[in-house]
Each structure stands twice: as C-alpha cells, then as structure tokens.
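Here is the naming used below: chain letters follow the sequence lines, and residue numbers restart at 1 for every chain. Here the structure is a predicted model, which is why all the values come from computation and not from measurement.
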Amino acid sequence: MASPFRQDIYRIVRTVPAGRVTTYGDVAAVAGSPRAARQVGYAMAALPEGTDVPWHRVINAQGMISHRGDVARPMEQLQRLEDEGVAFDGGGRCDLDRLRWRFAEFLEAADED
DNA sequence: TTGTTGACTCCCG
DNA sequence: CCGGGAGCCAACA
C-alpha cells in the first residue's frame, strides 16, 4: 500500500474528469504541499498498470506531457488525452487555461451542497 | 539520522 | 523563446 501522501494524491487525481487535465503543482497544492509537485510525479511513476487513477490527465505546468526522457510511453498518455477531447498543438502543448481542472471550484461546489 | 534523487516549478540572463 | 541553476518536499537506502 502506498503512503498516505500518495493515496491522497491518487484520490485527488481521480476527481479529474475526462476531457480535463491538471498539473503536478495543482495536485500537490490540493494535497496540502504546493511545492511537492515532484512528489506528485513520483507518485504517478509508482502507479501500477491497472490503476484506476487517470494519471494521463496529469501534466506539467507548461501544459505539456512530461516524462523522464523516454518518448514511447508519453505517446499513450497523449493518445488517451486526445481520445478524451484534449487538443495539443504542434509543440505538444494544450490550452491549460481552458482545460485545467479547477479543483477550487470543484471543492467549493461540493462544499455548497 | 543523513544524504541522494526525482513524470516539477520558478527565476534569471 | 530557450537554456541553465536553485528550491522544494517526500520517499528510500
């Protein structure tokens, strides 16, 4: 079982709906550590293949798909995102301002209920 | 306990 | 716009 911190990260990532994306920094911020973006990425790397966590919806602050340096693996992430309706430009970037999942609004809406 | 490392992010030139 | 360097927090040996 992963550490509580990672579990929290996974739970947050699960709240991201299809067609939306989020950044490592945002997830870290919601998790309580805005500076732990690297930990978020590290947690993603620790995910198993059959995970229910939409890790592919987590990208970096530049709106680009990140990975250690490989090229084949992020391909699957890109494909999944495009399949969900997330468009990427020639530079491999997406419109973060438009597609970024608003955790704050989501949490507020849940709180208003 | 200390030191290293990493799917990151921000700042500076 | 791009490259390089420092800061960050948490996991691991």
Side-chain donor/acceptor of [X] to backbone N/O of [Y], under 3.5 Å:
{"X": "R57(A)", "Y": "V16(A)", "answer": "yes"}
{"X": "Q77(A)", "Y": "V58(A)", "answer": "yes"}
{"X": "T51(A)", "Y": "V53(A)", "answer": "yes"}
{"X": "S3(A)", "Y": "R6(A)", "answer": "no"}

Is it true that R20(A) and E84(A) make a salt bridge, defined as a side-chain N closer than 4.0 Å to a carboxylate O?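 Salt bridge between R20(A) and E84(A), a charged N being under 4.0 Å from a carboxylate O: no.
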
Whole angstroms only, please: what is the [atom1]-[atom2] distance between [X] and [N]?
{"X": "L81(A)", "N": "dA7(B)", "atom1": "CG", "atom2": "P", "result": "19 Å"}
{"X": "I9(A)", "N": "dC8(B)", "atom1": "CD1", "atom2": "C1'", "result": "12 Å"}
{"X": "F5(A)", "N": "dC9(C)", "atom1": "CZ", "atom2": "C1'", "result": "7 Å"}
{"X": "R6(A)", "N": "dA11(C)", "atom1": "CZ", "atom2": "P", "result": "7 Å"}
{"X": "Q7(A)", "N": "dA11(C)", "atom1": "CD", "atom2": "P", "result": "11 Å"}
{"X": "R38(A)", "N": "dA10(C)", "atom1": "CZ", "atom2": "P", "result": "13 Å"}

May I ask you to verify if any side-chain N or O of S33(A) is less than 4.0 angstrom from the OP1 or OP2 atom of dC9(C)?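 So the side-chain polar atoms of S33(A) never come under 4.0 Å of the phosphate oxygens OP1 or OP2 of dC9(C).
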
Nucleotide N/O to protein N/O under 3.5 Å, stretch nucleotides 9-13 of chain B:
from, atom 1, to, atom 2, distance (Å)
dT9(B), OP1, A61(A), N, 2.9
dT9(B), OP2, A61(A), N, 2.8

If you count heavy atoms of other groups shown closer than 6.0 angstrom to CZ of R11(A), is the number above 12?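 Count not over threshold, so no.
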
